[in-house]
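This report concerns only the one structure given below.
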Protein chains: 2
Amino acid sequence: MSEQMMAEMLEKLRESGVKLTHQRMEIFREIAGRTDHPDAATIYECVRKRLPTVSLDTVYRTLSMLKEAGLISTLGPNQDRLRFDANIAPHHHFVCTKCGKTEDFYCEEFNALRVPSDVLNMGIVEHSHVELRGICSECRRSN
Amino acid sequence: MSEQMMAEMLEKLRESGVKLTHQRMEIFREIAGRTDHPDAATIYECVRKRLPTVSLDTVYRTLSMLKEAGLISTLGPNQDRLRFDANIAPHHHFVCTKCGKTEDFYCEEFNALRVPSDVLNMGIVEHSHVELRGICSECRRSN
DNA sequence: TTCCTAAATAAGAATTGTTACTATTTAGTA
DNA sequence: TACTAAATAGTAACAATTCTTATTTAGGAA
Ligand SMILES: [Mn+2]
Ligand SMILES: [Mn+2]
Ligand SMILES: [Zn+2]
Ligand SMILES: [Zn+2]
């Protein structure tokens, strides 16, 4: 984790007018220092080593606040509940970030994207899936 | 939902040696007949209209079994718990379908993919995110 | 067809991930 | 140093999913 990330965090949090508690510093320091996309429980266990009385609730609240402030993001479309797809043909998704609507689309080009060389070292790529995120027509109208 | 999908389902389930219960038929019929990526509770409510005593547990078990058999899939990486990402630079992910490991990679080309015309009618695309799925080096070694 | 048995089910309890409540503490300010 | 709104710790509540167990049923055998 770079000093620059920490500085940017302090800056953004000051902007949004929230208090700079040491719980928040340590939680951000933890997640900013790793590249493995951890879950809340993992962050909690690690931060607890330095801040033994921190509560799991604070970890959740802080992560949610950091996301709101645009300092971190979450994997997947939304977090809500597991959603199923009976379309087993190769296809891709347009996802509305407002309402969560997920529509299928087909694109030969996206089915076989050129795999960047960095990724070749990570493992064997079997499928590529593109998620185009934006605002659906319906949400845009009702705005 | 086409008769062909139903036939393929019956075929695959026979292959995997499970019983062809009418709960399973109705649950598959329901999900195969829609394109909106529903969650388990939605499937449950709809199937219940035709099969009033079906249990939510059966819906979960059946969806999980159908996924195992390769007849359906789920959205997102593995929605067991929410995972966080402190990397706010535009980037993409290599995801191991075996262990769930998710690694960042960068690719200018993927940041601005040509949006297919079908998608233009769905809404305004703001970001594109590519998920390359496969087996990570570590999982491949330990196999 | 009838019978048998392992597999599947319904109902409800348990578990797990996440959020809410509330008394106490603290950051930021004066 | 003292004040106050915001944040926290601890715990309870909640919601999604999975487990337990008694009962039912699909598929095969007689
Ligand atoms: Mn789909
Ligand atoms: Mn990432
Ligand atoms: Zn929308
Ligand atoms: Zn792996």
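Throughout, a chain's letter reflects where its sequence line sits, starting with A, and its residues are numbered from 1.
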Q. Does CZ belonging to R50(B) count more than 12 external heavy atoms closer than 6.0 Å?
A. yes
Q: Tell me which residues in residues 43-64 of chain A put a heavy atom below 4.0 Å from DNA chain D, sorted by number, or none.
A: T53(A), V54(A), S55(A), D57(A), T58(A), R61(A)
State which residues pass side chain to side chain contact (heavy atoms under 4.5 Å, CB included) with [X]; sequence neighbours excluded, sorted by chain then number.
| X | value |
| --- | --- |
| N111(A) | P90(A), H92(A), E108(A) |
| E109(B) | R114(A), C107(B) |
| L75(B) | R83(A), D85(A), H93(A), T102(A), H37(B) |

**Q.** salt bridge (Lys or Arg N to Asp or Glu O under 4.0 Å) pairs, two or more places apart, involving residues 88-105 of chain A
**A.** K101(A)-E138(A)
What's the [atom1]-[atom2] distance between [X] and [N], to the nearest Å?
| X | N | atom1 | atom2 | value |
| --- | --- | --- | --- | --- |
| L13(B) | dA8(C) | CG | C1' | 13 Å |
| E26(A) | dA9(D) | CD | P | 12 Å |
| M25(B) | dT9(C) | CE | P | 11 Å |
| L82(A) | dT18(C) | CG | C1' | 16 Å |
| D80(B) | dA16(D) | CG | C1' | 13 Å |

Q. Which angle, rounded to 10°, do you find between the first-five-pair axis and the last-five-pair axis of the helix from dT1(C)-dA30(D) to dA30(C)-dT1(D)?
A. 30°
Q.
Test: side chain to side chain donor-acceptor pair (under 3.5 Å). Region: residues 10-19 of chain B. Which pairs qualify, not counting sequence neighbours?
A. none
Q.
Quick test of your reading: applying side chain to side chain donor-acceptor pair (under 3.5 Å), list the pairs with at least one residue in residues 116-126 of chain B, sequence neighbours left out, ordered by first then second residue.
A. none
(Q) Connecting only ILVMFWY residues whose side-chain heavy atoms lie within less than 4.5 Å of each other, what is the rest of V95(A)'s hydrophobic cluster? (A) none
Q. How is the hydrophobic cluster of V130(A) composed, in terms of its other members, when Ile, Leu, Val, Met, Phe, Trp and Tyr link through side-chain heavy atoms under 4.5 Å apart, directly or indirectly?
A. F94(A), F105(A), F110(A), L113(A), V115(A), V119(A), L120(A), M122(A), V125(A), L132(A), F94(B), F105(B), F110(B), L113(B), V115(B), V119(B), L120(B), M122(B), V125(B), V130(B), L132(B)
Q) Which parts of nucleotides 23-30 of chain C does protein reach within less than 4.0 Å, heavy atoms only, written one letter per nucleotide 5' to 3' as B for base, S for sugar-phosphate only and - for none? A) ---BBS--
Q. Are any of the side-chain heavy atoms of F28(B) and I43(B) separated by less than 4.5 Å?
A. no
Give every donor-acceptor pair under 3.5 Å between a side-chain atom in residues 56-72 of chain B and any protein atom, sequence neighbours left out.
{"from": "D57(B)", "atom 1": "OD2", "to": "R61(B)", "atom 2": "NE", "distance (Å)": "3.1"}
{"from": "D57(B)", "atom 1": "OD2", "to": "R61(B)", "atom 2": "NH2", "distance (Å)": "3.2"}
{"from": "T58(B)", "atom 1": "OG1", "to": "S55(B)", "atom 2": "OG", "distance (Å)": "3.0"}
{"from": "T58(B)", "atom 1": "OG1", "to": "R61(B)", "atom 2": "NH2", "distance (Å)": "2.9"}
{"from": "T62(B)", "atom 1": "OG1", "to": "T58(B)", "atom 2": "O", "distance (Å)": "2.7"}
{"from": "K67(B)", "atom 1": "NZ", "to": "T74(B)", "atom 2": "OG1", "distance (Å)": "2.8"}

Q) Is any side-chain nitrogen or oxygen of R24(A) closer than 4.0 Å to OP1 or OP2 of dA7(D)? A) yes
